[in-house]
Amino acid sequence: MLSSFFRHCILVIITLFILSLISYGILLKDPLNQVLATPHFFSGYLFYLENLLQGDFGITYQGGESLKGLIFAVLPPTLELCISAILLALIFGIPLGLISALYGDHICGKVIRTLHIMGISIPVFWLAPILLYFSAIQNWEISAIGQYNLLYEIKTITGFPIIDVWFIEEPYRIKVIQNVLQHLVLPTLVLTILPTMDIIRIVQQRADFLFNQNYVKIAETRGWSKGKILRKYILRNTLPILVPQMSRLFTLVMAQCMLIESTFGWPGIGHWLIDAVSLQDYNSISVGIIVVGLCIIAVNLFIEFITFILDPFNKKGWYAR
């Protein structure tokens, strides 16, 4: 256990070192920052690293705002979309995967398998504008861009409007909550497609494997109902294998989120980074890469901790290898 802990620590340190080098290299693309590379490439690296550790990210060249404040403004919207999409994927994916395994030979299972193949094949950057256009011409209320209507004022407490909206003391609070949810629906539905398909595949494969085990067949001969078998054997041995997959799904959803934020006018870190690239703001690009990398590393460490809590010595055979 200690060797595994130290191995993970070393891997995290190496990853952070490589991430900082990439960020430092991007920073030096700006002619104003090339003095840091005098006389050698690594001459200003320690100074740059010291500023990062102190939380000093510098300023953006487009307006001179503090990058630290901008990061805290654009990161929560992206995390809000990612978390909403993964939660929705779990709600849809687990039941559909179980139904596909239970009724694999029926029309229901075949339809789910067909939808799974189609969902994997559809690129979100192509689907997002089509759904936005279709919902707009149909006059659906979810055809909205941004996080909420700018006519409403939501005081920033956590940075997540879906949470902050519950703390406003206005007579029209219900209307504001409805508006926030309407803006959240369409981008969340687009983002949840690929993780839902992945969860369906994992759950279906695991459930198919379990249904072929002798102890499940014996339970069927004893007259157990399908509901009891699902509760006693299938769910208990299927749900835990999803935990190690969450870090990969989060990375996948975050990458997709950064692609569609511009389409939906979502004020997240992806939209901000694309604007920084178009404006050649290398300070912002450098810091953005560091922040995105740290988010993924933090989520990965959290998922590994949860996995260790569930199975400290990795002996239960939950992990579909």
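Basis for what follows: all heavy atoms, side chains included, without hydrogens, waters or symmetry-related copies.
For the pair Ser284 and Leu273, the minimum side-chain heavy-atom distance is 4.5 Å or more. A heavy-atom distance below 4.5 Å is not found between the side chains of Thr78 and Val74. Using a 4.5 Å cut-off on side-chain heavy atoms (C-beta onward), Leu19 and Ile289 make contact. Residues Cys295 and Leu75 have side chains in contact (heavy-atom distance under 4.5 Å, counting atoms from C-beta outward). Within the 4.5 Å cutoff, no side-chain heavy atoms of Ile274 are placed close to those of Ser278. For the pair Gln147/His183, no side-chain contact is recorded, criterion being any heavy-atom separation below 4.5 Å from C-beta on. Under the 4.5 Å side-chain criterion, counting only non-hydrogen atoms from C-beta, Trp272 is in contact with Ile269. Here the side chains of Leu27 and Asn283 are in contact, with some heavy-atom distance below 4.5 Å.
Side-chain atoms of Tyr45 and Ser20 form a donor-acceptor pair, as typed in the model, at a separation below 3.5 Å. Inspection of the Ser100 and Gln204 side chains reveals an N or O donor paired with an N or O acceptor under 3.5 Å. Looking only at atom types and distance, the side chain of Arg248 has a donor-acceptor partner in the side chain of Gln245 under 3.5 Å away. There is a side-chain donor-acceptor pair under 3.5 Å between Ser23 and Ser286. Between the side chains of Thr60 and Asp281, at least one donor N or O sits under 3.5 Å from an acceptor N or O.
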Inset, instruction - Check step by step if side-chain contact (heavy atoms from CB on, under 4.5 Å) holds for Ile297 and Val12. - result: CA-CA 8 Å; Ile297 291 173; Val12 169; 4.3 Å; yes
Inset, instruction - Test side-chain contact (heavy atoms from CB on, under 4.5 Å) on Ile229 and Phe211 and set out the steps. - result: CA-CA 9 Å; Ile229 293 175; Phe211 276 120; 4.2 Å; yes
Inset, instruction - Test Ile86 against Val253 for side-chain contact (heavy atoms from CB on, under 4.5 Å), laying out the working first. - result: CA-CA 8 Å; Ile86 291 176; Val253 172; 4.1 Å; yes
Inset, instruction - Walk me through it: do Leu191 and Leu81 pass the test side-chain contact (heavy atoms from CB on, under 4.5 Å)? - result: CA-CA 8 Å; Leu191 282 178; Leu81 270 186; 4.0 Å; yes
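Nearest heavy atom pair, residue Tyr152 against residue Lys175, reads OH-CG, 3.3 Å. Nearest approach of Ala128 to Ile260, heavy atoms of both residues: CB-CG2, 4.1 Å. Smallest separation of non-hydrogen atoms from Gln256 and Pro195: OE1-CD, 4.5 Å. Between Ile234 and Leu98, the shortest heavy-atom contact is CG2-CD2, 3.9 Å. Residues Pro123 and Ser121 approach most closely at CD-O, 3.3 Å, considering heavy atoms. The minimum heavy-atom distance linking Pro161 with Glu80 is given by the pair CD-OE1, 3.2 Å.
Trp266 contributes no side-chain N or O that, together with a main-chain N or O of Ile145, makes up a donor-acceptor pair within less than 3.5 Å. A donor-acceptor contact shorter than 3.5 Å is absent between the side chain of His271 and the backbone of Ser262. Side chain of Asp164 to backbone of Ile154: no donor-acceptor contact under 3.5 angstrom is found. Checked by atom type and distance alone, the side chain of Thr251 pairs as donor or acceptor with a backbone atom of Ser247 at under 3.5 Å. Not a single donor-acceptor pair under 3.5 Å links the side chain of Asp198 to the backbone N or O of Leu249. For the pair Thr192 (side chain) and Ala89 (backbone), a donor-acceptor distance under 3.5 Å is present. With Asn179 contributing its side chain and Asn149 its backbone, the two residues share a donor-acceptor pair below 3.5 Å. Panel note: side chain Gln213, backbone Phe209; a donor-acceptor pair is recorded below 3.5 Å. Side-chain atoms of Gln182 never come within 3.5 Å of backbone atoms of Ile142 as a donor-acceptor pair (strictly under, hydrogens ignored). At least one donor-acceptor pair under 3.5 Å links the side chain of Arg173 to the backbone N or O of Trp166.
Leu53 and Val287 sit in two unconnected hydrophobic clusters of ILVMFWY residues. Membership requires side-chain heavy atoms under 4.5 Å apart, directly or through other members. Residues Leu67 and Phe47 are members of one and the same hydrophobic cluster, defined by side-chain heavy-atom contacts under 4.5 angstrom among Ile, Leu, Val, Met, Phe, Trp and Tyr. Linking ILVMFWY residues whenever their side-chain heavy atoms come closer than 4.5 Å, directly or via other members, leaves Phe72 and Leu294 in distinct clusters. The cluster map of Ile, Leu, Val, Met, Phe, Trp and Tyr, joined by side-chain heavy atoms under 4.5 Å apart, puts Leu235 and Leu87 in different clusters. The same ILVMFWY cluster, assembled from side-chain heavy atoms under 4.5 Å apart, contains both Phe92 and Ile122.
Other residues, nucleotides and ligands contribute over 12 non-hydrogen atoms within 6.0 Å of the CD atom of Gln178. Atom CD of Glu153 is surrounded by 12 or fewer heavy atoms from other residues, nucleotides or ligands within 6.0 Å. Counting heavy atoms of neighbouring residues, nucleotides and ligands inside a 6.0 Å radius, atom CG of Asn214 does not exceed 12 of them. For Tyr215, the OH atom sits in a packed shell: over 12 heavy atoms of surrounding residues, nucleotides or ligands are nearer than 6.0 Å.
One distance of note links OH of Tyr148 with CD1 of Ile162; it measures 12.5 Å at 0.5 Å rounding. For the atom pair CG of Leu102 and CD1 of Ile112, the computed distance is 9.5 Å after rounding to the nearest 0.5 Å. The structure places CG of Leu184 at 12.0 Å from CZ of Phe160, a figure rounded to the nearest 0.5 Å. Note that CG of Leu52 and CG of Leu16 are 11.0 Å apart. Values are rounded to the nearest 0.5 Å. Taking CG of Leu115 as the start and NZ of Lys110 as the end, the distance is 14.5 Å to the nearest 0.5 Å. In this structure, SG on Cys9 lies 8.5 Å from CG on Leu301, to the nearest 0.5 angstrom.
In this structure, the ring of Tyr233 has its center less than 6.0 angstrom from the ring center of Trp224.
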